[in-house]
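Single-structure report; data block below.
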2 protein chains.
Amino acid sequence: MTQKDMATLLGERGLRPTVQRIAVYEYLYDHRTHPSAETVYQALVQQHPTFSRTTVYNSLHALVKAGLVKELAMDTEERHYDADVALHGHFHCRRCGGIADFTLDESLVQRLMPDGYLVEGQGIYFSGRCPACRSAEPTN
Amino acid sequence: MTQKDMATLLGERGLRPTVQRIAVYEYLYDHRTHPSAETVYQALVQQHPTFSRTTVYNSLHALVKAGLVKELAMDTEERHYDADVALHGHFHCRRCGGIADFTLDESLVQRLMPDGYLVEGQGIYFSGRCPACRSAEPTN
DNA sequence: AAAAAGTTTGTAATGATTACAAAAAAATTG
DNA sequence: CAATTTTTTTGTAATCATTACAAACTTTTT
């Protein structure tokens, strides 16, 4: 997606498409590594030395509120962000620390939902060992 | 469960059953409200004025490591703990802030798991409005 | 009883996030 | 287009949960 398209998208969601917000969104869009706010900041401050940490936080919050970015619920220290807001699960490898996406069957997830509740968000994650770490250290 | 049984249980899991650890475990066992460390501390310090915050953290970590307590992954500020380590999901109500349990079908959850990964832990939660808050404010 | 190991406590440090106010930028108004 | 208002950014300071650490204490082992 081009920056122009991103600007349009932000505008549609009621966010003024500032350089900073587009940069944050672009980073998340291009790096599907579920980075933390600090990771985003460190990456962006290279290109834009004037960017502040607070703006990264502000932008992330604005993007989450606008529904363009999702905040992950994981048992990690910091919060992680994802530009992929479609239904999918996350796997957190306890050995390498990586967070991988995996697909979720929509109808299967529907069947998990508790009755009587109005579901607006969901977080489905598993943790353990990713395939690479399993073969690297098979016994554990 | 009696404190005696808890002491035995901790012992079986390789934890010395100290007064503090039993108190923390007992609180979680009796209060299925998914409290934070601070909440546990505030409750316990009433009865045991000498208890320290650090000990509550230490005890929680020890209990989690021993598999007697589970740390929840939610999109909240602090970490929440649960003495129920059996498979179940959590619902976080965005209006009242409450966290409710709901049952999960084991085989359904199995079918969600990604292939090739060794799954050691899982967190399944939904957020939105609980039934009480839905009827209290139906339009939203 | 002495030594060793494990646990608790209080305080200090850390680290992520938020609060806040001034400066800057953009949008609106006349 | 200039003046005013609104929004956003920036930098610093504050906050809040959690962790680090070392001394004191308790329990276990010898």
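All values below were derived from every heavy atom in this structure, side-chain atoms included, with hydrogens, water molecules and symmetry-related copies excluded. Each chain gets a letter, A, B and so on, in the order the sequences are listed, and its residues count up from 1.
The side chain to side chain donor-acceptor pair (under 3.5 Å) test applied to B/S107 returns B/D105, not counting sequence neighbours. Shown here are the side-chain contact (heavy atoms from CB on, under 4.5 Å) partners of B/E106, two or more places apart in sequence or in another chain: B/L87, B/Q110. Under the rule for a side-chain contact (heavy atoms from CB on, under 4.5 Å), the partners of A/E38 that lie at least two apart in sequence or sit in another chain are A/S36, A/Y41, A/Q42, A/R53. B/Q47 meets the side-chain contact (heavy atoms from CB on, under 4.5 Å) test with no other residue; sequence neighbours excluded. With sequence neighbours excluded, no residue satisfies side-chain contact (heavy atoms from CB on, under 4.5 Å) with B/T50. In terms of the side chain to side chain donor-acceptor pair (under 3.5 Å) criterion, residue partners of B/S52 (sequence neighbours excluded) are, by chain and number, B/T55.
The rotation axes computed at either terminus of the helix from C/dA1-D/dT30 to C/dG30-D/dC1 lie 20° apart, taking five pairs at each end and rounding to 10 degrees.
No side-chain donor-acceptor contact under 3.5 Å links A/D5 and A/T8. With no hydrogens or angles considered, a side-chain donor-acceptor pair links A/S127 and A/R94 at under 3.5 Å.
Sorted by first and then second residue, the ring-ring contact (aromatic ring centres under 6.0 Å, His included) pairs involving residues 70-91 of chain A (not counting sequence neighbours) are A/H34-A/H90, A/H88-A/H90, A/F91-B/Y117. Listed by first and then second residue, the ring-ring contact (aromatic ring centres under 6.0 Å, His included) pairs that reach into residues 92-115 of chain B are B/F102-B/F126, sequence neighbours excluded.
Near-neighbour residues of DNA chain C inside residues 46-67 of chain A, defined by a heavy atom below 4.0 Å, number-ordered: A/T54, A/Y57, A/H61. A heavy-atom distance below 4.0 Å to DNA chain C is reached by these residues of residues 12-22 of chain B, ordered by number: B/R16, B/T18, B/Q20, B/R21.
D/dA17 atom P lies 17 Å from atom CD of A/E78, rounded to whole Å. Counting to the nearest Å, the C1' atom of D/dT10 and the OH atom of A/Y41 are 10 Å from each other.
Ion pairing of B/R79 with A/E77 is present here, as a side-chain N (NZ or NE/NH1/NH2) and a carboxylate O approach within less than 4.0 Å.
The outermost nucleotides of DNA chain C lying under 4.0 Å from heavy atoms of chain B, listed 5' to 3', are C/dG6 to C/dT18.
Side chain of A/R13 to main chain of A/A66: a donor-acceptor pair is present (N/O by atom type, distance under 3.5 Å, no hydrogens or angles).
Ring geometry, A/H48 versus A/F51: the interplanar angle falls under 30°, so the pair is classed parallel (tilted spans 30 to 60°).
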